[in-house]
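Beneath this line is the structure, given in structure tokens, with notes to follow.
Each chain gets a letter, A, B and so on, in the order its sequence line appears, and its residues count up from 1.
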2 protein chains.
Amino acid sequence: MPTKSAAQRRAEARVAYDAYLATCPSRQLLERMGDKWTTLVVNALADGPQRYAELARRIAGVSQKMLTQTLRALERDGMVTRMVTAAVPVRVDYALTPVGRDLLPVLAAVKAWSERHIEAVLDAREAYDAAQASRAG
Amino acid sequence: MPTKSAAQRRAEARVAYDAYLATCPSRQLLERMGDKWTTLVVNALADGPQRYAELARRIAGVSQKMLTQTLRALERDGMVTRMVTAAVPVRVDYALTPVGRDLLPVLAAVKAWSERHIEAVLDAREAYDAAQASRAG
DNA sequence: CGGCATCCACACGGATACTG
DNA sequence: CAGTATCCGTGTGGATGCCG
């Protein structure tokens, strides 16, 4: 077998690309921002430190599982601090680190884009769907 | 039944929040950027119009299904144009629209953050994992 | 109060085969 | 070349119940 199959070549390319993506800094942040709750949590914490229950209330749709999971991930990456106050009942406060706070301008950029183009996007979407419908009809 | 159950209240809150998220412009963009391939495709198209096969090659890890799906979504939102040239074989070129091109500064912001903080993130991650390990051991 | 463990449904996304 | 159609494994994430 002197030559590799197309499938083999593709598989190898994918592995190499995965490795590239795994080490790409931008990718790592994108991966975090990608999940549903990260940006919501960071935004909620922008106003200052907050307790677990406060966050749960402000991000009304989140389940405890996802909120905890998101906070843990952010903590692990050094974007959020977790401060436990021993008491009965326990009190846990979360806050952005300087690194985490630096994420706010990025979110601001996203927000700016959205507000500038949302109307065009909505129009485009409508036009696209209309074209699809007429093709189907 | 004068009062609602906790589960009911939570469910209603979730519905309301979902509705809020559905109409929030930032959220809509975040949703797009969230999926694995959107940003890669936009980045690839930053250099100018490109054919389907070129994109598939540059974004080596992507499957046709995902590439097509991503391009369709971007096209629907008016961020990418799709130009078919009737020939044998067919030729299809994709390009960023002005709206899509406006996404590049946002990606640049992400990139800037990543390059500035990746080291701190990696360190934090290592420290966090070490702490976890010592707790388990 | 602030979790963790478990179960489970569903959507995401990869592999493969086929088409205009 | 540029897709579409299908099958199917896996991860994501919600619901629930228990615990320090």
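- Going from atom CD of Gln69(A) over to atom P of dG11(D) covers 13 Å, rounded to whole Å.
- Interatomic distance, Trp37(A) CH2 to Leu74(A) CG, rounded to the nearest 0.5 Å: 13.5 Å.
- Comparing the end axes of the helix from dC1(C)-dG20(D) to dG20(C)-dC1(D), each fitted to five base pairs by superposing C1' atoms of four pairs onto the next four, gives an inter-axis angle of 50° (nearest 10 degrees).
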In 5'-to-3' order, the base (B), backbone-only (S) or no-contact (-) status of each nucleotide in nucleotides 2-11 of chain C, using a 4.0 angstrom heavy-atom cut-off, is SSS-BB----
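- No side-chain donor from either of Arg32(A) and Thr39(A) sits under 3.5 Å from a side-chain acceptor of the other.
- The side-chain hydrogen bond (donor to acceptor under 3.5 Å, both in side chains) analysis of residues 59-70 of chain A, with sequence neighbours excluded, yields the pairs Tyr52(A)-Thr68(A).
- Every residue meeting the side-chain contact (heavy atoms from CB on, under 4.5 Å) condition with Glu54(A), not counting sequence neighbours, appears here in chain and number order: Gln50(A), Arg51(A), Arg57(A).
- DNA chain D is contacted by both Ser63(A) and Pro89(A); Ser63(A) maps to the nucleotide lying nearer its 5′ end (nearest heavy atom per residue).
- If you take CD1 on Ile59(A) and CG on Leu55(A), they are separated by 5.5 Å, rounding to the nearest 0.5 Å.
- If you measure from atom CZ of Arg32(A) to atom P of dT12(D), you get 11 Å, rounded to the nearest angstrom.
- Counting to the nearest Å, the P atom of dT4(D) and the CE atom of Met66(B) are 12 Å from each other.
- Here Thr38(B) pairs with Asp35(B) under the side chain to side chain donor-acceptor pair (under 3.5 Å) rule; sequence neighbours left out.
- The minimum heavy-atom distance linking Ala124(B) with Asp77(A) is given by the pair CB-C, 3.7 Å.
- Leu67(B) has its CG atom 17 Å from the P atom of dC12(C), to the nearest Å.
- In this structure, the NZ atom of Lys36(A) is 14 Å from the C1' atom of dC12(C), given to the nearest Å.
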Side-chain donor-acceptor pairs under 3.5 Å in residues 78-88 of chain B, sequence neighbours left out?
unit_1: Thr81(B); atom_1: OG1; unit_2: Ala95(B); atom_2: O; d: 3.4
unit_1: Arg82(B); atom_1: NE; unit_2: Tyr94(B); atom_2: OH; d: 3.2

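- Look at CG on Asp35(A): it is 13 Å from C1' on dG11(D), rounded to the nearest Å.
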